[in-house]
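Remember, predicted model here, so these are calculated numbers, not experimental data. Whatever order the structure lists them in is the order used to number ligands and atoms, beginning at 1. Starting from 1, each residue takes its place in the sequence as its number.
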Amino acid sequence: MHNVVISGTGLYTPANSISNEELVDSFNAYVTQFNADNAEAIARGEVEALAESSAAFIEKASGIKSRYVMDKDGILDPQRMRPRLPERSNDEQSILCQMGVAAAEQALARAGRTAADVDAVIVACSNLQRPYPAVAIEIQQALGIKGFGFDMNVACSSATFGIQAASNSVQLGQARSVLVISPEICTGHLNFRDRDSHFIFGDAATAVLVERADLATSEHQFDIVSTKLLTQFSNNIRNNFGFLNRAAEEGVGAPDKLFVQEGRKVFREVCPMVAELIGQHLSENNLNVSDVKRFWLHQANLSMNHLIVKKLLGRDALEEEAPVILDRYANTSSAGSVISLHTHQDDLPKGALGVLSSFGAGYSIGSVILRKR
Ligand SMILES: CC(C)(COP(=O)(O)OP(=O)(O)OC[C@H]1O[C@@H](n2cnc3c(N)ncnc32)[C@H](O)[C@@H]1OP(=O)(O)O)[C@@H](O)C(=O)NCCC(=O)NCCS
C-alpha cells in the first residue's frame with residue numbers, strides 16, 4: 001500500500017459576478033410583472049400574489065453576498081431568469097470540460113506535474129451536462145492524459161467522495177496520480193423564480209491532484225491521513241430531472257425538475273451528523289479536535305458552518321479556523337470546500353492538521369483528514 005498526498009489544487013472562477021442587490025432587483029421586477037399580469041385572478045383569490053425578495057434577508061440567512069456565474073445576462077433578464085449557454089457542436093470542448101481543464105491545469109502547475117505524470121481523471125460533480133461520453137474522458141483527451149477516466153455524482157459531496165476513490169486507486173498502485181475535477185454550473189439547476197432558493201448557488205470549478213507520496217515533489221503537499229464517508233437517504237434536497245422525464249410528459253417543466261430543498265430541515269438534520277462524523281473520524285485516527293488547525297467545510301450556509309465547528313470545538317471558531325468563501329462564491333456544491341482549501345492553505349506550517357468536509361444531498365457527508373508536509 002502506498003502513502004498518498006494531495007500535491008496540488010486548482011480553481012477556475014467565472015469572469016462575471018452577481019451581487020445580492022442585482023439578483024433581487026431582477027427577481028422583484030419579475031414579481032411586479034407577475035402580480036400585474038395576474039391582478040384580477042389574485043383579487044378573486046384564485047392565484048397567490050408573489051412576495052418580493054430582499055438582499056438583507058439573503059445575507060442574514062445565508063452569509064452570501066454575491067456569486068460568480070457562467071452567464072450573467074440570461075439570469076438577470078426578468079423575462080428569462082436562467083443562464084444562456086449556447087449549445088456547442090460535438091467538435092468543440094463542452095463547457096464543463098473547458099472549466100475543468102482550467103482548474104486542472106492550475107492543480108498540475110502547483111503540483112509541478114504534467115499530463116504525463118497522471119494516470120486517471122475523475123470528474124466528481126453535482127450536475128453532468130450529458131450522460132455520455134463521460135466528461136472525465138473528454139478532459140483526459142483535452143489534457144493528453146493516458147489511462148482512464150470516469151464521472152461520478154454524489155451532489156455536494158462529490159469531491160470528497162472522488163478524493164477517496166482517487167486515494168484508494170493510488171494506494172493500491174492502480175495509478176501514480178489521479179486528478180479529481182469538480183466543474184459546477186449550479187446556476188443551470190437553480191430556479192431563479194423561487195424566492196426561497198433563488199440566491200443559493202454560484203458557478204466554479206476545482207481540481208485536486210491525488211498522488212503517490214514517494215513520487216510527489218510539490219511544495220504544496222498534504223498527506224491524506226484518512227478518509228471517511230457517510231450517506232443516509234433524505235428527500236429534503238432533491239432534483240427529479242432525468243432521462244425518464246420525457247416518458248412522463250405531465251411532469252416536464254415542473255419545479256421539481258430543478259433543485260428543491262427544505263432548507264430548515266436540512267440545517268437541523270445535517271449539522272449534528274457532520275459534527276459527529278468528523279469527531280468520530282478524528283478519534284478513530286487517535287487525533288483530538290483541538291489538534292485541527294483548519295476546517296475547510298462545505299460552503300452552503302455561514303451559520304451552519306459556525307454551528308458545526310462550535311459543536312466540535314466547544315467554542316466559536318476563529319475566522320482562520322473555518323475559512324469562508326461563500327460570501328463571494330455562494331454555494332458551488334462540491335467545489336465549495338475545495339475552494340476553501342485552495343485559497344486557505346499556504347499559511348499553514350508543516351505538520352498542521354486540517355479537515356476537508358462536504359455535506360449535502362443524499363444526505364452525503366465526506367471527511368478527509370489532511371496533514372501539511
Ligand atoms: C435556505 C436558507 C438560507 C433559508 O434560511 P431560513 O432562515 O431557513 O429561512 P426560511 O426559509 O425559514 O424563511 C424565513 C422567513 O424568510 C422569508 N423568506 C424566504 N426567502 C426570502 C427571500 N428571498 N427574501 C425575503 N424573505 C424571504 C420566508 O418567507 C420566511 O418568512 P416567515 O417567517 O414570515 O414565514 C437556510 O435554510 C439554509 O441555508 N439551509 C441549509 C441548506 C443547505 O445547506 N442546503 C444544502 C444545499 S446543497
query: When rounded to the nearest 0.5 angstrom, what distance separates CD in Glu21 from CG in Asn28?
result: 11.5 Å
message: Is Ser54 close enough to touch ligand 1? Criterion: a residue heavy atom under 4.0 Å from a ligand atom.
response: yes
- prompt: Are more than 12 heavy atoms from other residues, nucleotides or ligands located less than 6.0 Å from atom CD of Gln141?
  reply: no
query: Counting only heavy atoms not in Phe241, do more than 12 fall under 6.0 Å of its CZ?
result: no
Going by the order shown, which atoms of ligand 1 are within less than 4.0 Å of some heavy atom of [X]?
X      : value
Ser53  : 22 (C), 23 (N), 24 (N)
Ala300 : 44 (O)
Ile237 : 46 (C)
Asn331 : 47 (C), 48 (S)
Met304 : 41 (C), 44 (O)

Identify, for [atom], the protein heavy atom at the shortest distance, and state residue, atom and that distance.
atom                    : result
atom 36 (C) of ligand 1 : Asn301 ND2, 3.8 Å
atom 11 (O) of ligand 1 : Asp196 OD1, 4.7 Å
atom 29 (O) of ligand 1 : Arg195 NH1, 3.1 Å
atom 1 (C) of ligand 1  : Gln261 NE2, 3.5 Å
atom 9 (O) of ligand 1  : Phe57 CZ, 3.7 Å
atom 48 (S) of ligand 1 : Cys156 SG, 3.0 Å
atom 8 (O) of ligand 1  : Arg264 NE, 2.9 Å

query: Is there a donor-acceptor pair closer than 3.5 Å between any side-chain N or O of Asn35 and the backbone N or O of Leu50?
result: yes
- prompt: If only atom types and distance count, is the side chain of Asp223 paired as donor or acceptor with the main-chain N or O of Val225 below 3.5 Å?
  reply: no
Looking at [atom], would you say a protein heavy atom lies below 4.0 Å from it?
atom                    : value
atom 23 (N) of ligand 1 : yes
atom 40 (N) of ligand 1 : yes
atom 34 (O) of ligand 1 : no

- prompt: Would you say the side chains of Arg110 and Gln221 form a donor-acceptor pair under 3.5 Å?
  reply: no
query: Should Glu321 and Leu313 count as side-chain neighbours, where that means a heavy-atom distance under 4.5 Å?
result: yes
query: Which is closest to atom 5 (O) of ligand 1 in terms of heavy atoms, Cys186, Ala61, Gly263?
result: Ala61
- prompt: Do you know the tightest heavy-atom contact between Ala124 and Ser182?
  reply: O-OG, 2.8 Å
message: According to a hydrophobic-cluster definition based on side-chain heavy atoms being under 4.5 Å apart (Ile, Leu, Val, Met, Phe, Trp, Tyr only), do Ile122 and Val170 belong together?
response: yes
- request: Measure from the ring center of Phe27 to the ring center of Phe192 and say whether it is less than 6.0 Å.
  value: no
- prompt: With ring centroids as reference points, do His298 and Phe359 lie under 6.0 angstrom apart?
  reply: yes
